Undergrad: 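After the C-alpha cells below, expect a handful of questions from me.
Because the structure is predicted, anything quoted here is derived from the model rather than measured. Counting convention: from 1, in listed order, for ligands and their atoms alike.
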Amino acid sequence: MTLHPVLVPVPDEFPLRSPQRVAQQRRAARHALEVCAGLCGAGPGDWPCTPDGVPLPKSGWHWSLSHKRRWAAAVIAEQPVGIDIEEVLPRDERLYEAVGDAAEWAILGSRSMDAFYRLWTAKEAVLKACGVGLAGLDRCRIVDVPSAREVVVVLAARHWTVTHIEHDGHVASVTSAAAPVRWHPVNSVPPAP
Ligand SMILES: CC(C)(COP(=O)(O)OP(=O)(O)OC[C@H]1O[C@@H](n2cnc3c(N)ncnc32)[C@H](O)[C@@H]1OP(=O)(O)O)[C@@H](O)C(=O)NCCC(=O)NCCS
C-alpha cells in the first residue's frame, strides 16, 4: 500500500523555542496526522500513546510524527513506521562521526551536510519505527544506498528501507518497507479552535 506522509508548516506567530511555539509544532504534527488518516483511510479520532509519548497502534494502524521549529510531519501505515524531519542548518563536522561510522560514510560516498541529514533522519525514523528512541542509536547502521532518495538501515537484524524528501530547507525520512511513497506537503494548519 502506498504511504502518504504529510508535511505541514508550523505557524510562526510565536518566537522560536517558546512554549507556545512548541505547542504549535505539536499541534501542526497532529494536523498532519489527521490529514494522513484521511489519505490512507485510517479514519478520524485521537491516536494513542504510552505515558512516555511512544505511539501505540490503533485498529491495526501504526503512526509516527515529528516536529521541528518550522515544519512538522506525520505518517500512518499498516506496519510499524517511523518519520523524522530536520531543518538543514550548518552543524559542527565532528557530529558526522557521532551519527555514522567510517563504513557508513563510505557507503554514503561524501561527507556533505546533505548526506549528514540523510543519515541522521533515516536513523531517527528507524529508531521511531522500532519504538526505541535514541537508546538504539549505537545499533543502527546504514548498509546500502539504493538511490539518491533511499537508504537501507539495519537495526536488530531487520532491514528498513527509508525514503527521503527535501522540502523548504528540510530533510524528512520515512520508513517505507519498500512501499511506494507519496509525500504531501500541505500549505497551512487551520487556526486553533
Ligand atoms: C524521542 C525521540 C524519538 C525524539 O526525537 P526528536 O527528533 O527530538 O523529536 P521529533 O519531533 O522528531 O519526534 C517527537 C515525537 O516522537 C514520538 N516519540 C517519542 N518517543 C518515541 C519513541 N521511543 N519511539 C517512537 N516515537 C517516539 C512522539 O510522538 C513525539 O511527539 P510529541 O513529543 O509531540 O508527543 C528521540 O529519537 C530523540 O530524543 N532524539 C533526539 C535527536 C538526536 O539527537 N538525534 C541524533 C541523531 S540520529
Undergrad: I'd like to know if atom 4 (C) of ligand 1 has any protein heavy atom within a distance of less than 4.0 Å.
TA: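 No, because not a single protein heavy atom sits under 4.0 Å from atom 4 (C) of ligand 1.
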Undergrad: Just jot down the ligand 1 atoms closer than 4.0 angstrom to any heavy atom of D84, in number order.
TA: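 Result: 7 (O), 12 (O).
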Undergrad: Side chain, backbone, both or neither: which applies to L134 and ligand 1 if a contact is any heavy-atom pair less than 4.0 Å apart?
TA: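 The part of L134 near ligand 1 is both the backbone and the side chain.
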Undergrad: Starting from atom 11 (O) of ligand 1, locate the nearest protein heavy atom and write down its residue, its atom name and how far away it is, to 0.1 Å.
TA: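 Here the closest protein heavy atom is H67 N, 2.8 Å.
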Undergrad: Side chain or backbone of L137 under 4.0 Å from ligand 1, or both, or neither, by non-hydrogen atoms?
TA: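 It is the side chain that touches ligand 1; the backbone stays farther off.
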Undergrad: Would you please classify the geometry between the H4 ring and the H184 ring as parallel, tilted or perpendicular, with 30° and 60° separating the classes?
TA: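 Ring orientation of H184 relative to H4: tilted.
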Undergrad: With a cut-off of 4.0 Å, which atoms of ligand 1 are near a heavy atom of G53?
TA: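 Near G53, meaning under 4.0 Å from one of its heavy atoms, ligand 1 has 17 (C), 18 (N), 19 (C), 28 (C), 29 (O).
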Undergrad: Would S64 count as a contact of ligand 1 if the rule is a heavy atom under 4.0 Å away?
TA: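 It does not, in that no heavy atom of S64 comes within the 4.0 Å cut-off of ligand 1.
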Undergrad: For ligand 1, is any non-hydrogen atom under 4.0 Å from P55's backbone (N, CA, C, O), its side chain (CB onward), both, or neither?
TA: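 The answer is the side chain of P55.
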Undergrad: Checking contacts here: is it the side chain or the backbone of E124 that comes within 4.0 Å of ligand 1, counting heavy atoms only? Could be both or neither.
TA: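 Looking at E124 and ligand 1, just side chain atoms fall under 4.0 Å.
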Undergrad: Return the closest protein heavy atom for atom 1 (C) of ligand 1 as residue, atom name and distance.
TA: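 Looking only at protein heavy atoms, the one closest to atom 1 (C) of ligand 1 is G133 CA, 4.6 Å.
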Undergrad: Please check if a non-hydrogen protein atom sits closer than 4.0 Å to atom 42 (C) of ligand 1.
TA: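 Yes, because at least one protein heavy atom sits under 4.0 Å from atom 42 (C) of ligand 1.
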Undergrad: When the aromatic ring centroids of W71 and H167 are compared, is their separation below 6.0 Å?
TA: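 They qualify: ring centres under 6.0 Å apart.
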Undergrad: If you measure from SG on C40 to CH2 on W63, what distance do you get to the nearest 0.5 Å?
TA: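 Nearest 0.5 Å value for the SG-CH2 distance: 13.5 Å.
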Undergrad: Taking atom CD1 of I83 and atom OG of S173, what is their separation to the nearest 0.5 Å?
TA: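 Going from CD1 on I83 over to OG on S173, the span is 8.5 Å.
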Undergrad: State, yes or no, whether a side-chain contact exists between D144 and I142 at a heavy-atom distance under 4.5 Å.
TA: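 Result no, sub-4.5 Å side-chain heavy-atom pair not found.
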Undergrad: Under 4.0 Å and counting heavy atoms only, is there anything from the protein next to atom 8 (O) of ligand 1?
TA: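 Neighbour list for atom 8 (O) of ligand 1 is empty of protein heavy atoms (cut-off 4.0 Å).
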Undergrad: Are the side chains of K123 and E104 in touch, meaning some heavy atoms are under 4.5 Å apart?
TA: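 They are in side-chain contact.
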Undergrad: For the pair E86 and R118, find out whether any cationic side-chain nitrogen is under 4.0 Å from an anionic carboxylate oxygen.
TA: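 So E86 does not pair with R118 through a salt bridge.
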Undergrad: Using a 4.5 Å cut-off on heavy atoms from C-beta on, say whether the side chain of L3 contacts that of V174.
TA: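 When only atoms from C-beta onward are counted, L3 and V174 do touch, with a gap below 4.5 Å.
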Undergrad: Is R30 close enough to touch ligand 1? Criterion: a residue heavy atom under 4.0 Å from a ligand atom.
TA: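 A heavy atom of R30 does come that close to ligand 1.
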Undergrad: Quick one: nearest non-hydrogen protein atom to atom 24 (N) of ligand 1, plus distance?
TA: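 Ranked first by proximity to atom 24 (N) of ligand 1 is G131 CA, 3.3 Å.
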Undergrad: For the pair Y117 and L89, evaluate side chain to side chain contact (heavy atoms under 4.5 Å, CB included) and give the outcome as yes or no after the intermediate values.
TA: CA-CA 9 Å; Y117 279 101; L89 298 169; 4.0 Å; yes
Undergrad: With heavy atoms of V54 as the reference, note each atom of ligand 1 found under 4.0 Å away.
TA: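 It comes down to these atoms of ligand 1: 21 (C), 22 (C), 23 (N), 24 (N).
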Undergrad: Starting from atom 6 (P) of ligand 1, what is the nearest protein heavy atom, named by residue and atom, and what distance separates them?
TA: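 Sorting protein heavy atoms by distance from atom 6 (P) of ligand 1 puts K68 NZ, 4.2 Å first.
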Undergrad: Below 4.0 Å from any atom of ligand 1, is there a heavy atom belonging to A29?
TA: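 No heavy atom of A29 comes that close to ligand 1.
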Undergrad: Parallel, tilted or perpendicular: which fits the ring planes of F116 and W120, with parallel below 30° and perpendicular above 60°?
TA: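 Judged by the thresholds at 30° and 60°, the geometry between F116 and W120 is perpendicular.
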Undergrad: Kindly confirm or rule out an N or O of D52 lying under 3.5 angstrom from an N or O of ligand 1.
TA: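 For ligand 1, there is no N or O atom that lies under 3.5 Å from one belonging to D52.
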Undergrad: Is the closest N or O pair between K128 and ligand 1 shorter than 3.5 Å?
TA: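 Between K128 and ligand 1 (N or O atoms, distance only) the closest approach is under 3.5 Å.
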Undergrad: Between K128 and D84, is there a salt bridge with N-O shorter than 4.0 Å?
TA: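 Yes, charged N to carboxylate O under 4.0 Å.
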Undergrad: Hey, is R26 touching ligand 1 through its side chain, its backbone, both or neither, going by heavy atoms under 4.0 Å?
TA: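 For R26, only side-chain atoms sit under 4.0 Å from ligand 1.
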Undergrad: With heavy atoms of L65 as the reference, note each atom of ligand 1 found under 4.0 Å away.
TA: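 Near L65, the atoms of ligand 1 are 13 (O), 15 (C), 16 (O), 29 (O), 31 (O).
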Undergrad: Thinking salt bridges, do D168 and R70 make one under a 4.0 Å N-O criterion?
TA: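 Salt bridge: no.
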Undergrad: Would you indicate whether D46, at its atom CG, is surrounded by more than 12 heavy atoms from other residues, nucleotides or ligands within a distance under 6.0 Å?
TA: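 No - once you tally the heavy atoms of other residues, nucleotides and ligands closer than 6.0 Å, there are 12 at most.
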